[in-house]
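Let me begin by presenting the structure, written as structure tokens, before commenting on it.
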Number of protein chains: 2
Amino acid sequence: MSLKHAILVMLDKEPSSGYDLMKQFNSGLGYFWNAKHQQIYQQLKKLSEDALITCEEEPQHGKPDKKVYRITEKGQQVLKQWLHEPSVPAKINDALLVKIWGGHHLTPKALLKDITEHKNRHTETLSSLRQLERAFHDLSDAEKMHYQLPFLTLRRGILGEEAWLKWAQEAENTLKK
Amino acid sequence: MSLKHAILVMLDKEPSSGYDLMKQFNSGLGYFWNAKHQQIYQQLKKLSEDALITCEEEPQHGKPDKKVYRITEKGQQVLKQWLHEPSVPAKINDALLVKIWGGHHLTPKALLKDITEHKNRHTETLSSLRQLERAFHDLSDAEKMHYQLPFLTLRRGILGEEAWLKWAQEAENTLKK
DNA sequence: ATTCAATATGCAATTTATTGCATATTATTC
DNA sequence: GAATAATATGCAATAAATTGCATATTGAAT
């Protein structure tokens, strides 16, 4: 229901191309909302048709031209309305947990391997989130105030990853027996 | 990519009707994999067509008849193959976090309200997970062994919910200033 | 008797998401 | 000069998920 709104939120902060958005979905916001590049381009098209955003081609030096999208008045209205609605609960689709839940066909070793691979990714994510956190702490008070809300989402990421890794430790202890 | 596999996992443990599965998706496994009843019935149909499961109508007393599905040999093969593949990273779609990330249009009060509503749901979930955990601890050693893997997923749920609530506390402290 | 909640299943239409191509520019490296 | 990586965008087809109905049985409560 709302890749649309995620894009509006992003464009409301800063006009961007599809490619810019894609990069954000692969880092910052992407931590909380998944989208592949196809989905983004499709939504941009749709949002343009509905006049919630406008598009302007912008020549670049050293890089292919890009289409810069901007949120419109109408888009802002739609965004604000969405912001005021109660947000729907997060949706989780976690294949690893499904596998563990029904994993009696697998050896503990096979499960551990799968868990370890995930652990590596979570460890990397956590470390990059912590780097962002340190950068935040170095900001001036005014800047900290300005980034207060994104910082909260960063904290959510950090606490989430820490909890994941703590669990992985438990799981490893159990499965190694 | 794998509501299909989640259903096979469930049917491998125990033959069930669509309604049975739906209830599980609204409690146990549903914590890690979302599915609405329509999706379940549609998948059951497809899985039957592909001969990964069979269907048998079972009359009941006191309740409408139900269709009991069982996993077939072929289904077990498909399931085992899936279990041996590395599992895809979990997908998160969390509208609340998107909203907070771009929530400068909202008052802290409005954000707090949204967070509080989510907090209530998470509190309830945590409390029911903890109840399951206590029930597990009362089991015999043999039974504990038997439920080892589902217990790990339960622990994941508990650690995840605790982390969420810890974050909510931080967010409230920040936003109440 | 009638309403309500739980049980039980499904069709049809639409919206979203995914997969598999496909293309073009420029900078950098070999 | 040729290959590669990063930038930048897209079509077409399919698969998956959601929404909005729609129906039927039974038990328990009013």
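Order of the sequence lines fixes the chain letters, A, B, ..., with proteins taken first and strands second; residue numbering starts at 1 for each chain.
To the nearest 0.5 Å, atom CG of residue B:Leu21 and atom CG of residue B:Leu44 are 6.0 Å apart.
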Pairwise N/O distances under 3.5 Å, protein to nucleotides 23-28 of chain D:
{"residue": "D:dT26", "atom": "O3'", "partner": "B:Gly62", "partner atom": "O", "Å": "3.4"}

Protein-nucleotides 11-14 of chain D N/O pairs under 3.5 Å:
{"residue": "D:dC11", "atom": "N4", "partner": "A:Gln38", "partner atom": "OE1", "Å": "2.7"}
{"residue": "D:dC11", "atom": "N4", "partner": "A:Gln38", "partner atom": "NE2", "Å": "2.2"}

Donor-acceptor pairs under 3.5 angstrom involving side-chain atoms of residues 90-98 of chain B: please list them, not counting sequence neighbours.
{"residue": "B:Asp94", "atom": "OD1", "partner": "B:Leu96", "partner atom": "N", "Å": "3.1"}
{"residue": "B:Asp94", "atom": "OD1", "partner": "B:Leu97", "partner atom": "N", "Å": "3.4"}

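Scanning residues 10-30 of chain A for heavy-atom distances under 4.0 Å to DNA chain C yields an empty list.
Taking only side-chain atoms of B:Lys66, from C-beta outward, the nucleotide of D:dT18, C:dT9, C:dT16 with the closest atom is C:dT9. Out of C:dA17, D:dG10, C:dT16, the shortest distance to the side chain of A:Tyr69 is found at D:dG10.
Computed from coordinates, the A:Ile40 CD1 to C:dT19 P distance equals 15 Å when rounded to whole Å. Between the C1' atom of C:dT18 and the CG atom of B:Asn93 lies a distance of 14 Å, rounded to the nearest Å. Atom CG in B:Leu3 sits about 9 Å away from atom C1' in D:dA16, given to the nearest Å. Atom NZ in A:Lys36 sits about 13 Å away from atom C1' in D:dA16, given to the nearest Å. Distance B:Leu47 CG to D:dA15 C1': 14 Å, rounded to the nearest Å. Atom pair A:Glu58:CD and D:dT7:P shows a separation of 16 Å (rounding to whole Å applied). To the nearest angstrom, C1' of D:dT18 lies 15 Å from NZ of A:Lys4. Taking atom NZ of residue B:Lys46 and atom C1' of nucleotide D:dA15, one finds them 6 Å apart after rounding to whole Å.
The list of ring-ring contact (aromatic ring centres under 6.0 Å, His included) pairs with a residue in residues 153-177 of chain B, not counting sequence neighbours, reads B:His122-B:Trp164, B:Trp164-B:Trp167. Within the structure, every pair that satisfies the salt bridge (charged side-chain N to carboxylate O under 4.0 Å, His left out) test and touches residues 45-60 of chain B, not counting sequence neighbours, is listed here: B:Glu56-B:Arg70. For residues 94-116 of chain B, there are no ring-ring contact (aromatic ring centres under 6.0 Å, His included) pairs, not counting sequence neighbours.
Below 30°, between 30° and 60°, or above 60°: for B:Phe151 and B:His137 the angle between ring planes is above 60°, a perpendicular geometry.
When the side-chain hydrogen bond (donor to acceptor under 3.5 Å, both in side chains) test is applied to B:Ser127, no partner is found at least two apart in sequence or on another chain. Every residue two or more places apart in sequence or in another chain was checked for a side-chain hydrogen bond (donor to acceptor under 3.5 Å, both in side chains) with B:Glu117, and none qualifies. Shown here are the side-chain hydrogen bond (donor to acceptor under 3.5 Å, both in side chains) partners of B:Glu124, two or more places apart in sequence or in another chain: there are none. Every residue two or more places apart in sequence or in another chain was checked for a side-chain hydrogen bond (donor to acceptor under 3.5 Å, both in side chains) with A:Glu14, and none qualifies. Applying the side-chain contact (heavy atoms from CB on, under 4.5 Å) test to A:Glu143 and every residue at least two apart in sequence or in another chain returns A:Leu139, A:Ser140.
Between A:Gln39 and the phosphate of C:dT16, there is no side-chain N or O to OP1/OP2 separation shorter than 4.0 Å. Of the side-chain N and O atoms in B:Lys91, one or more sit less than 4.0 angstrom from OP1 or OP2 of C:dT18. B:Tyr41 has a side-chain polar atom (N or O) that falls below the 4.0 Å cut-off from OP1 or OP2 of C:dT9.
In terms of position along DNA chain C, the nucleotide closest to B:Asp65 lies nearer the 5' end than the nucleotide closest to the other residue of the pair B:Asp65 and A:Gln43.
Nucleic acid contact for A:Asn34: none, since no nucleic acid atom lies under 4.0 Å from a heavy atom of the residue.
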Take B:Arg155 and B:Glu133 through the salt bridge (Lys or Arg N to Asp or Glu O under 4.0 Å) test and state the conclusion after the steps. CA-CA 8 Å; B:Arg155 284 295 300 163; B:Glu133 192 184 32; 2.7 Å; yes

